[in-house]
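Every chain is numbered from 1 and lettered A, B, ... according to where its sequence line falls, protein lines coming before strand lines. All values derive from a computational prediction rather than experimental measurement.
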Protein chains: 2
Amino acid sequence: MSTWSDTQDLASELFDRDLVTELADTFKVLGDPTRVRILDVLSRQELCVGDIATVLGLGESAVSHQLRLLRNARLVRQRRAGQQIFYALDDHHVTRLFAQAHEHVQERRGRTVPQPGATGAEKSDPPREPAPAAAEQER
Amino acid sequence: MSTWSDTQDLASELFDRDLVTELADTFKVLGDPTRVRILDVLSRQELCVGDIATVLGLGESAVSHQLRLLRNARLVRQRRAGQQIFYALDDHHVTRLFAQAHEHVQERRGRTVPQPGATGAEKSDPPREPAPAAAEQER
DNA sequence: TGAGTATCTGACCAAGTGCTCATATGTTCA
DNA sequence: TGAACATATGAGCACTTGGTCAGATACTCA
């Protein structure tokens with residue numbers, strides 16, 4: 001019933017179960033608009049929880065919940081400074097993943113039939129490497 | 001109440017709403033083990049729906065549902081050959097995204113405290129560029 | 001120490017997701 | 001044309017997810 005000769009070979013080459021899970025979990029964490037926004041802002045500046053909430057217009061509890069997921073995924077790291085905890089991207093992969101996904105979205109748009117109602121104009125600076133953490137005036 | 005000076009500037013630099021949505025949607029599609037497995041197998045060989053289901057041990061309906069999401073996200077493309085429809089990766093970004101995420105997972109493991117019960121051994125060939133669609137013996 | 005501030009956590013709930021089953025659509029070939 | 005096959009689609013349901021609210025924890029400073 002099969003159209004190819006080496007079903008066993010093909011199946012044996014695939015990602016093993018754990019790797020599949022870890023890849024999916026990583027992308028799952030990235031697959032939420034709120035977390036994308038948090039990572040985006042953190043890619044530009046190290047910020048404490050309250051400020052992330054303020055800049056993005058979110059509740060502090062919601063931000064904290066999301067930061068926990070980002071922490072577990074090792075996408076952000078934290079640094080305590082007094083009562084505040086500053087968050088920053090934990091490694092360069094986030095930025096590169098964003099850049100790749102951004103390219104995909106761009107090409108996707110090119111191939112997609114332009115929707116009559118589409119906005120057309122859009123900020124689309126390609127994501128770049130994160131800037132070093134700015135000097136904070138910790139209070 | 002803010003710890004930084006240019007909250008307006010920072011907020012105005014961020015990804016706009018549409019880009020955030022599109023990035024999150026792209027990652028969301030990648031954030032499921034079944035779809036990761038489908039993309040993984042398609043990165044190695046162009047396959048029809050039934051064969052994907054067979055190789056991965058999934059129901060054909062489930063595969064079809066997932067392929068629709070992958071199609072909508074422009075991650076796979078389809079080619080009809082008789083009654084069968086062959087699927088393949090639509091662009092190179094998937095592979096690169098997998099490679100980046102794979103690197104992240106690897107580094108993440110290095111930094112993570114090794115769990116006593118962890119397996120330790122694992123297939124972890126880094127994802128490579130997809131091979132050209134193999135010649136199928138279409139029936 | 002205790003008030004004040006910043007962050008985290010758990011319970012809860014509305015919305016979203018992924019699977020299965022049944023059925024529809026589309027293609028081939030006798 | 002109609003049977004057989006391959007794939008797609010819709011409804012239904014168990015499970016997950018992301019937010020809010022209330023309360024806990026952690027740190028600072030008078």
Side-chain angles (χ1 to χ4, degrees), chain A residues 1-4 20-21 24-39 42 46-73 75-88 136-139, chain B residues 1-4 20-21 23-39 41-42 46-73 75-88 136-139:
Chain A
M1 197 181 310
S2 170
T3 52
W4 76 95
V20 167
T21 302
D25 286 347
T26 300
F27 287 124
K28 195 175 297 181
V29 173
L30 296 171
D32 173 79
T34 300
R35 290 191 289 271
V36 167
R37 295 178 70 208
I38 292 174
L39 292 170
L42 291 182
E46 187 187 39
L47 287 175
C48 64
V49 179
D51 288 347
I52 297 171
T54 302
V55 174
L56 300 184
L58 299 168
E60 300 189 349
S61 178
V63 171
S64 188
H65 276 299
Q66 300 296 18
L67 284 172
R68 186 162 55 84
L69 298 181
L70 294 170
R71 253 187 288 127
N72 291 344
L75 293 171
V76 301
R77 66 183 142 74
Q78 56 189 157
R79 168 180 75 83
R80 180 175 277 279
Q83 300 181 37
Q84 305 174 83
I85 298 181
F86 285 85
Y87 282 85
E136 298 295 327
Q137 46 197 38
E138 292 151 17
R139 51 182 179 273
Chain B
M1 199 179 308
S2 170
T3 52
W4 76 96
V20 167
T21 302
L23 288 174
D25 285 348
T26 299
F27 287 124
K28 196 174 295 181
V29 173
L30 296 170
D32 173 82
T34 300
R35 290 190 290 271
V36 167
R37 295 178 71 207
I38 291 174
L39 291 170
V41 72
L42 292 182
E46 187 187 38
L47 287 176
C48 63
V49 179
D51 287 347
I52 296 171
T54 302
V55 174
L56 300 183
L58 298 169
E60 299 189 350
S61 178
V63 171
S64 186
H65 277 298
Q66 300 295 17
L67 284 172
R68 185 161 58 82
L69 298 180
L70 294 170
R71 253 187 286 127
N72 291 344
L75 293 171
V76 302
R77 65 183 143 74
Q78 55 189 158
R79 169 180 73 84
R80 180 175 278 280
Q83 301 181 36
Q84 304 171 87
I85 297 181
F86 285 85
Y87 282 84
E136 297 293 328
Q137 44 197 36
E138 289 150 20
R139 54 178 177 275

Atom-to-atom span, CG of Asn72(A) to C1' of dT17(D) - whole angstrom: 15 Å
Contact list please: residues 24-31 of chain A against DNA chain C, heavy atoms, distance less than 4.0 Å, in numerical order. none
Short side-chain N/O contact to dG18(C) OP1/OP2 from Arg35(B), under 4.0 Å: yes
Compare the minimum distances between each of dG19(D), dT20(C), dT7(C) and the side chain of Ala62(A), then state the nucleotide with the smallest one. dG19(D)
Taking 4.0 Å as the cut-off, does a side-chain nitrogen or oxygen of Ser64(A) come that near to OP1 or OP2 on dT9(C)? no
Taking 4.0 Å as the cut-off, does a side-chain nitrogen or oxygen of Gln66(B) come that near to OP1 or OP2 on dC19(C)? yes
Value in whole Å for how far the P atom of dG16(C) lies from CG of Asp32(B): 17 Å
Interatomic distance, Leu69(B) CG vs dG18(C) P [rounded to whole Å]: 7 Å
What are the atom names and distances for every N/O pair under 3.5 Å that joins the protein to nucleotides 10-14 of chain C?
{"from": "dG10(C)", "atom 1": "O6", "to": "His65(A)", "atom 2": "NE2", "distance (Å)": "2.7"}

Counting only side-chain N and O atoms of Gln78(B), is one of them less than 4.0 Å from OP1 or OP2 of dT7(D)? no
Would you mind reading off the distance between Leu47(A) atom CG and dT7(C) atom P, rounded to a whole angstrom? 11 Å
Look at the side-chain N and O atoms of Tyr87(A) and state whether any lies under 4.0 Å from the OP1 or OP2 oxygen of dA6(C). no
Give one of base, sugar-phosphate or nothing for Glu60(A), where a contact means two heavy atoms less than 4.0 Å apart. base
Just verifying a value: how many Å separate Asp32(A) CG and Ile38(A) CD1, rounded to the nearest 0.5 Å? 8.0 Å
How far does OG of Ser64(B) sit from CG of Leu58(B), to the nearest 0.5 angstrom? 12.0 Å
Identify, with sequence neighbours excluded, every residue that meets ring pair (Phe, Tyr, Trp, His ring centres under 6.0 Å) alongside Phe27(A). Phe98(B)
With sequence neighbours left out, the residues meeting side chain to side chain contact (heavy atoms under 4.5 Å, CB included) with Val49(B) are Val63(B), Leu67(B), Tyr87(B)
Sorted by chain and number, sequence neighbours left out, side chain to side chain donor-acceptor pair (under 3.5 Å) with Arg35(A) holds for Gln66(A)
Nearest whole angstrom, please: distance from the P of dC8(C) to the CZ of Phe86(A). 12 Å
Rounded to the nearest 0.5 Å, how far does CD of Gln78(B) lie from SG of Cys48(B)? 13.0 Å
Taken to the nearest whole Å, CD1/Ile38(B) to P/dG18(C) is 11 Å
Applying side chain to side chain contact (heavy atoms under 4.5 Å, CB included), can you list everything that pairs with Glu60(B), at least two apart in sequence or on another chain? Ala53(B)
Please tell me which of Leu67(B) and Gly59(A) maps to the more 5' nucleotide of DNA chain D, matching each residue to the nucleotide holding its nearest heavy atom. Leu67(B)
In this structure, how many angstroms lie between the C1' atom of dC27(D) and the CZ atom of Arg79(A), rounded? 15 Å
For Arg68(A), side chain to side chain donor-acceptor pair (under 3.5 Å) partners two or more places apart: none
Is there a side-chain polar atom (N or O) of Arg80(B) under 4.0 Å from OP1 or OP2 of dT27(C)? yes
Establish, with yes or no, whether the OP1 or OP2 oxygen of dC8(C) is under 4.0 angstrom from a side-chain nitrogen or oxygen of Arg71(A). yes
Write down the distance between CG (Leu58(B)) and P (dC21(C)), rounded to a whole number of angstrom. 14 Å
Given dT27(C), dT28(D), dG19(D), the nucleotide with the shortest approach to the side chain of Gln83(A): dT28(D)
Which residues share a side chain to side chain donor-acceptor pair (under 3.5 Å) with Arg77(B), sequence neighbours left out: none
Nearest 0.5 Å please: distance from the CG atom of Leu42(A) over to the CZ atom of Arg37(A). 12.0 Å
